[in-house]
Novice: 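This structure is in C-alpha cells; I'll ask about it shortly.
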2 protein chains.
Amino acid sequence: MFLTDYIGALDTRNSMNVNEGNCLHTLFAKQPAEHLSASQSLFFEGDDANHVYEVLDGVLRVFRIVSDGRRVITAFLYPGDFIGFSLRETYLYSAEAVTPATIRRMPRRQFETAVAADEDLRAQVFAKTCCEMAATQEQMVLLACKSAEERLCSFIRRHMQRVTMSGERAATVDLPMSRQDVADHLGLTIETVSRTFTKLINKNVISLDNPAARHLLRIEKHGMLEFLAGDNDDCAEIRQQGGLVMYGGRGRH
Amino acid sequence: MFLTDYIGALDTRNSMNVNEGNCLHTLFAKQPAEHLSASQSLFFEGDDANHVYEVLDGVLRVFRIVSDGRRVITAFLYPGDFIGFSLRETYLYSAEAVTPATIRRMPRRQFETAVAADEDLRAQVFAKTCCEMAATQEQMVLLACKSAEERLCSFIRRHMQRVTMSGERAATVDLPMSRQDVADHLGLTIETVSRTFTKLINKNVISLDNPAARHLLRIEKHGMLEFLAGDNDDCAEIRQQGGLVMYGGRGRH
DNA sequence: CGACCGCTTGACGGGAATCAAATGGCGTGG
DNA sequence: CCACGCCATTTGATTCCCGTCAAGCGGTCG
C-alpha cells in the first residue's frame, strides 16, 4: 500500500477532505513516521492519553480487556483513520498492530492547539468524530440483534469497504486479522467464527483459492453476502408512519 | 425534578462544567422550553438534522429500527444530556420521550456559530462528546459479552447513577421505561428481561414494595448488584504485563 | 363486565458456547 | 530430509442460555 492509497481511503470515509487550507493529514505529515511490527502495542488502556495518532499503513485493533480476561475489540483501524480524538485524561482502550503498520504520533497538546487555531481542522476533526460515532452505533446494532452469520457477513463487507479503493469491487480480499480477532470483534467465539466461515464457503458465498491461505477470501457472490449481512435498509417507508408497534425479539431466524 | 437538579446531573457527568464564562446550559436557556408527553416523538431517523436539543427534565429514548422491524435503543437520555452534537446531515436515530419531558431546541446553524465563536463552549461540547463515546463503548462491551443478568444489573446501576443526585445512595429507584424498552436496549427479549427481574427479586437483590408498581425498585443489596453487573475492574494489574494471551469466549458462566 | 395492555410464567427448541480432539502448515533441530 | 512440537484453525459432541410460542395474571378504562 502506497502513500497515495491512504489519501484515497481517507476521502472515502470523509466527504469533506478536499485540500482546502489545512488538513489533518498535512498536520501530521510533519511528524516522523513510525513502524510497528505485527501485534506490537501502541498504548494501553488506562495510560495517560498523551498522544493522538494517524494510521498511515496497515491495520490496528483497538480493544478492552474485561474483568474475566476476555477481550472486546471495539474497532479495527485502517489507513486514514485517527486515534484518540475523543479522549481527555486516559486511553479508554488499548491499541495494537494487527499487521505491520506505519503511524504518525503527535503530542495531544500540540494537536489541540493546532486544532483550536484552525477552523478547517476543527471541521475535519468533527467529521471524523461523527464517522467514529456512526460506526460505533452500527456495531452496537450488530451486537444487539444479529446472528453469527449476519455478523460475519457484515464484518467482511465493512472490511472490504475499508480496504478497497473507492468504487471498485475486488474479487478477492485479505482479512489480515486472526479468527480470534474476528470473534472478539463480533461478540462470538473462535469456534463459531470458524464454523460460520465454512458455512459461507459451503454455500459458495466466498471461497479460498488456497486452503493454506485462510486469510485470502474470494468473494463469489457479492449480492448474497450483502443479503446475508441483513442490513437491508427497506424500512425507510415505515419510519415516518408512527403507527409502528412491532418491536421486540432478537430475531435470530 | 427542579431546575437545580439537572444542573447537578450535568455536573456529575462532566467534570468541567463550572460556570466559567459561557456554558451550554446558559446557551440553551434563551430557547423556549418545550414539553413532550410520554412516547411523543422528537425527530425521526433520516430527518434532516436541523436542531440540537438539551434535555431539561424526563427521560428520552434514542433508537433505530432495523430491517426486520426490531428496535435497538442505543441510549436513554437524562436531564443535562444533549442530543445531536455529533451529527451533520441527517439524524442517525429517532428520539422519543419515555416519560413526560421538557427540552429546549436550537437550530443547528445557530448552535454551530455560537460554538465556533466560544472557546469554553467548544470545550464543553468536546467533553460531552467524550462522555457519549465512552458510554457507547461501554454499551458495546455489555452487548458483546455479558449475560442477561449482567446486562440487567449493569443497566439498573447506570440508571441509578444518572437519576440519583451526586453521591447519595438511594434505597429506591424508579425505572420509568417499559420492560420492552429495557429489552431493546440490552439486546434481549421482553421475556428474558422479565425472568431476570424475578430472578433478582428471588435472590433478594432488589424488591418491589408494591407488586402493582413494577417500575419502582427497592435496591436491597447494592454490593450484590454491583457484583452481578460483572464490571469488576480487577484487571488493572494485568493490563501492562503484555504477556496476556487468554482471550476468547463469551464467558456466559 | 369485558376488552385491552403490560407483564409474568411455562414449555420447548435452537443457536451458540463449551469442552475436546483432529488437522495442517511451519519452523527447529537432529 | 524427516521427526517433532507449536500454533492457528477446523471439526465434533454436548450443554445451556435465551429466543420463541403460548397461556395466564392483574390493572385500567370504556
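Lettering of chains follows the sequences in order, A, B, ..., and the numbering in each one begins at 1.
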Novice: Going from CD on A:Glu220 to CD1 on A:Ile201, what distance comes out if it is rounded to the nearest 0.5 angstrom?
Specialist: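 Answer for the CD-CD1 pair, A:Glu220 versus A:Ile201, is 10.0 Å.
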
Novice: What's the CD-P distance between A:Glu149 and C:dG14, to the nearest Å?
Specialist: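 In whole Å, C:dG14 P lies 17 Å from A:Glu149 CD.
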
Novice: Just checking A:Ser178: base, sugar-phosphate only, or nothing, at a heavy-atom cut-off of under 4.0 Å?
Specialist: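 Counting heavy atoms under 4.0 Å across all strands, the contact made by A:Ser178 is with sugar-phosphate only.
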
Novice: Whole angstroms only, please: what is the CD-P distance between A:Gln180 and C:dA17?
Specialist: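 Going from CD in A:Gln180 over to P in C:dA17 covers 11 Å.
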
Novice: Going 5' to 3' along nucleotides 21-26 of chain D, which nucleotides have protein heavy atoms under 4.0 Å from the base (write B), which only from the sugar-phosphate (write S), and which from neither (write -)?
Specialist: B-----

Novice: If you take the centroid of each ring, where Trp contributes its six-membered ring, are B:Tyr93 and B:Phe63 closer together than 6.0 Å?
Specialist: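 Between B:Phe63 and B:Tyr93, the centre distance exceeds or equals 6.0 Å.
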
Novice: Hey, is the side chain of B:Thr192 poking within less than 4.0 Å of OP1 or OP2 on D:dC18, counting only N and O atoms?
Specialist: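 The answer is no; no side-chain N or O of B:Thr192 sits under 4.0 Å from OP1 or OP2.
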
Novice: With under 30° as parallel and over 60° as perpendicular, where do the rings of A:Tyr91 and A:Phe43 fit, or are they tilted in between?
Specialist: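 Parallel: the ring planes of A:Tyr91 and A:Phe43 meet at under 30°.
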
Novice: Nearest heavy atom decides the nucleotide; on that basis, is A:Lys199 or B:His215 closer to the 5' end of DNA chain C?
Specialist: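 It is B:His215 whose nearest nucleotide is closer to the 5' end.
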
Novice: Calculate the interatomic distance between B:Leu216 atom CG and D:dG27 atom C1'; express it in whole Å.
Specialist: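 Rounding to the nearest Å, CG of B:Leu216 and C1' of D:dG27 are 16 Å apart.
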
Novice: D:dT9 C1' sits how many Å from A:Arg179 CZ, rounded?
Specialist: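 The distance from CZ of A:Arg179 to C1' of D:dT9 comes to 7 Å, rounded to the nearest Å.
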
Novice: Any side-chain N or O of A:Ser194 less than 4.0 Å from the OP1 or OP2 oxygen of D:dT11?
Specialist: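 For D:dT11, neither OP1 nor OP2 has a side-chain N or O of A:Ser194 closer than 4.0 Å.
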
Novice: Salt-bridge test for B:Arg70 and B:Asp184: reply yes if a basic N is under 4.0 Å from a carboxylate O, no otherwise.
Specialist: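 Salt bridge absent between B:Arg70 and B:Asp184.
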
Novice: Take atom CD1 of A:Ile201 and atom P of D:dT11, then tell me their distance rounded to the nearest Å.
Specialist: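 Checked: the CD1 to P distance equals 8 Å.
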
Novice: Whole-Å distance between C:dA20 C1' and A:Ile190 CD1?
Specialist: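 Roughly 14 Å, once rounded to whole Å.
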
Novice: Let's see if you can work this out: which of D:dC18, C:dA17, D:dT10 has an atom nearest to the side-chain heavy atoms of B:Ala148?
Specialist: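 Nearest to the side-chain atoms of B:Ala148, counting from C-beta on, is D:dC18.
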
Novice: Report yes or no: is the cationic atom of B:Arg104 (NZ for Lys, CZ for Arg) closer than 6.0 Å to the six-membered ring centre of B:Tyr53, at no more than 45° off its axis?
Specialist: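 Not flagged: B:Arg104 not positioned over aromatic ring of B:Tyr53.
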
Novice: CG of B:Leu143 versus P of D:dC18: gap in Å, rounded?
Specialist: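 Going from B:Leu143 (CG) to D:dC18 (P), I get 13 Å.
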
Novice: For A:Phe76, is the NZ or CZ atom of A:Arg162 found under 6.0 angstrom from the centre of its six-membered ring and inside 45 degrees of the ring axis?
Specialist: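 Geometry flag: not set, cation outside 6.0 Å or 45°.
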
Novice: So that I can tick it off, tell me whether A:Glu149 and A:Lys203 are bridged by a salt bridge, with the cut-off set at under 4.0 angstrom between side-chain N and carboxylate O.
Specialist: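 A salt bridge links A:Lys203 with A:Glu149.
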
Novice: Send over the distance from B:Phe197 CZ to C:dT8 C1', rounded to a whole Å.
Specialist: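 About 12 Å, once rounded to whole Å.
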
